[in-house]
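Reviewing the structure listed below.
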Amino acid sequence: MDSSVAQCSAHCENDNETLPSSSTASNQATNIPKSNTAPLKRKSADSKNVKTKKKKKARVSRSAQLGYTVQQGEDMLLVISNASSLYDGASVWMTKRKGSKKKKFSKGKSKTQQVRRKNTARAKPTPDANPVAAKTEEDTTAVLEKPADHTWGQSLPEEVLINIFQMVVTQDGAVPFLCRMARVCQLWNIAAASPILWRKVTVGHCWIAPGKKQLPKTEMKIQKTFDWLTQNRFSQLQDFSLHHWSKNVNYAVEVVSQSCPHLRSLTLSNCSGIKASAFQILGLNSRSLQSINVQFSDFQVEGLVAFLENHGNQMKQIWFTNGLKNDRLLASLTRGCCPDLEFLEVNKKLDSKDCVLTICIQALQAACPKLKTFRLLNVRPIQKTKHKNADLMKGFPLLEELCIATTSYSYMTDNDLLDILFSSTKLRVLDLRGCSRITPSGLANLPCLELEFLFWGQYFNSHIGLSTPKKGLHMVTQKWKQTLQQLDIGNQLFSEEDLEMAMSYLTQATESDTLRSLNLQGTRITAPALRSVIHHMTALSYLNLSSCRHLPRGVKRIYCGQEDIRQLLGKLE
């Protein structure tokens, strides 16, 4: 009786609270007289409704059921995910978020119903009700809470981690790779701080956006960064490079030269505002410096000339761009300030106008007898008056590479080339692109017998169509058929017969895997001559047949890879 009375009283309260939701019903209720039998009938009818509502509440509590079924095996419990999960695409291991489902409240519902619904949603089964399910739920929770194994990087030996970093640094540089790796964990920070990884550092234009001015705060930040790097990272620095810097170049050079006693190479490419004081401090502190690169940079020539005159005996490599005052650098080299120089490059931008470089080759040969690489890129050398002194006729006996490539017209002749290479028996690389006055007979008279790379194409010269046809290419291929690895004769006006004879000498090489690259762009090569070369040279992996009008249609293109070239052989047959 107590329980039925409680249910009826609760139901009456609910009905009283729901009555105000309809204004018309309330007005009619005031006019109808009350009877004693009506409440009893309502109670008896509503008792059934109460039972049905309790069943509905029990159904709502089923939404908290587990999303898997449990099957007991021989010696273990198998957890099988429920295929009819309500969460499509979601993992069965994911727990529901607290309050993730929006609550909808309709008008007229009492607070007691809301509280009861919350309690039923939060209801948890007792641990004694289903021990198998409880145990399985604990196992599932353990699986859920088990984190992914991301600690492999923290358990590596420091030496192994340093070797991995060294591979990346060799390819991409120390900055900003090591700076980012140092933020991963303590072990990686220690490995990234190894001085071995900071032997070669290149810093580009990364402080401010191009075209914007540098604020004083940024300038102070840069200087503090360099101070910290020199104190904590640059103890074994050997190669240092700055690219596209307009400010703080002098400060960086001074700090690095004072704090890095092992500095061997300094590159200041596309920088501006380099003062003579920077070169002076560089000479006082960097006793191991052997290479300096100031290509396309604005600097005080007097400072670099003074540095070379005082400390040039330790220099082995020099790069600089030819300009109005930079010819003084070449003059100081010809006076013998760098007797141990092995590498010299004088260049000019490709879009610049005709650049004439007056040079005395004999004086340079006497001043730099150990020169191995000599490059004059996009400059037109003009010989000074030859000296008759016998001491100046030494040549370059150790020269291995000579590059006189240009985008404009070159006045170099066979005699000029022979004056440079008359004693260069070890020459391996010869780049004469743009030198249209050089003839095959002039190349055949050179003393080098083991030339491996010959670049003799004509690409940027506007006088290509006006040049006279050449003859004698077979003398070049006959002389170096055993050693040539790359041959470039693009746009050279040789006849079909001359090209066929030259290709036939290449096929007479004893080693079929010597020639790797062949550029015949714009030549009059024919299909029979080309077929013999491809058939014999098995290691050929690059072939340029662009604009070869004497070849059939469909084959005039660039071929890369041995398989691609072998397919061409089938088309030519």
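All values below come from the heavy atoms of this structure, side chains included, with hydrogens, waters and symmetry mates left out.
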Can you find a heavy atom in the side chain of [X] that is under 4.5 Å from one in the side chain of [Y]?
{"X": "Y542", "Y": "I558", "value": "yes"}
{"X": "F296", "Y": "C271", "value": "no"}
{"X": "Q300", "Y": "L304", "value": "no"}

Side-chain H-bond candidate by donor/acceptor type, [X] with [Y], under 3.5 Å:
{"X": "R264", "Y": "Q290", "result": "no"}
{"X": "Y251", "Y": "D227", "result": "yes"}
{"X": "N544", "Y": "S546", "result": "yes"}

With distance as the sole test, does N248 use its side chain to make a donor-acceptor pair with the main-chain N or O of Q223 at under 3.5 Å? no

I'd like to know if the side chain of S332 reaches the main chain of L329, judged simply by a donor and an acceptor atom lying under 3.5 Å from each other, with no hydrogens or angles considered. yes

Can a salt bridge be assigned to the pair [X] and [Y] using a cut-off of 4.0 Å between side-chain N and carboxylate O?
{"X": "E342", "Y": "K370", "result": "no"}
{"X": "E450", "Y": "K426", "result": "no"}
{"X": "R375", "Y": "E401", "result": "yes"}

Can you check salt bridge (Lys or Arg N to Asp or Glu O under 4.0 Å) on K316 and D340, steps first, answer last? CA-CA 6 Å; K316 292 185 178 181; D340 295 333; over 6 Å; no

Measure the spacing between [atom1] of [X] and [atom2] of [Y] and express it to the nearest 0.5 Å.
{"X": "E452", "Y": "Q485", "atom1": "CD", "atom2": "CD", "result": "4.5 Å"}
{"X": "N347", "Y": "N322", "atom1": "CG", "atom2": "CG", "result": "9.0 Å"}
{"X": "L399", "Y": "F374", "atom1": "CG", "atom2": "CZ", "result": "8.5 Å"}
{"X": "L421", "Y": "L427", "atom1": "CG", "atom2": "CG", "result": "5.5 Å"}
{"X": "T523", "Y": "L545", "atom1": "OG1", "atom2": "CG", "result": "7.5 Å"}
{"X": "E309", "Y": "C338", "atom1": "CD", "atom2": "SG", "result": "9.5 Å"}

Taking all atoms of both residues into account, what is the closest heavy-atom pair of [X] and [Y], and its distance?
{"X": "F320", "Y": "N326", "value": "CE1-O, 3.7 Å"}
{"X": "L484", "Y": "T514", "value": "O-CG2, 3.1 Å"}
{"X": "L237", "Y": "R199", "value": "CD1-O, 3.6 Å"}
{"X": "M537", "Y": "L515", "value": "SD-CB, 3.9 Å"}
{"X": "N491", "Y": "Q458", "value": "ND2-O, 2.6 Å"}
{"X": "I565", "Y": "S541", "value": "CD1-C, 3.8 Å"}

side-chain hydrogen bond (donor to acceptor under 3.5 Å, both in side chains) assessment of N378 paired with T407: CA-CA 6 Å; N378 204 30; T407 59; 2.6 Å; yes

With sequence neighbours excluded, what pairs up with F299 under the ring pair (Phe, Tyr, Trp, His ring centres under 6.0 Å) test? none

Do the ring planes of F279 and F307 sit parallel (below 30°), tilted (30 to 60°) or perpendicular (above 60°)? tilted

Any idea how F234 and W198 line up, ring-wise: parallel (<30°), tilted (30 to 60°), or perpendicular (>60°)? tilted

Set of side chain to side chain contact (heavy atoms under 4.5 Å, CB included) partners for S547, sequence neighbours left out: none

Give a yes or no on this: more than 12 heavy atoms of other residues, nucleotides or ligands lie within 6.0 Å of atom NZ of K556. yes

Measure from NZ or CZ of R180 to the centre of the six-membered ring of F177 and say whether it is under 6.0 Å with the direction within 45° of the ring axis. no

For R437, salt bridge (Lys or Arg N to Asp or Glu O under 4.0 Å) partners two or more places apart: none

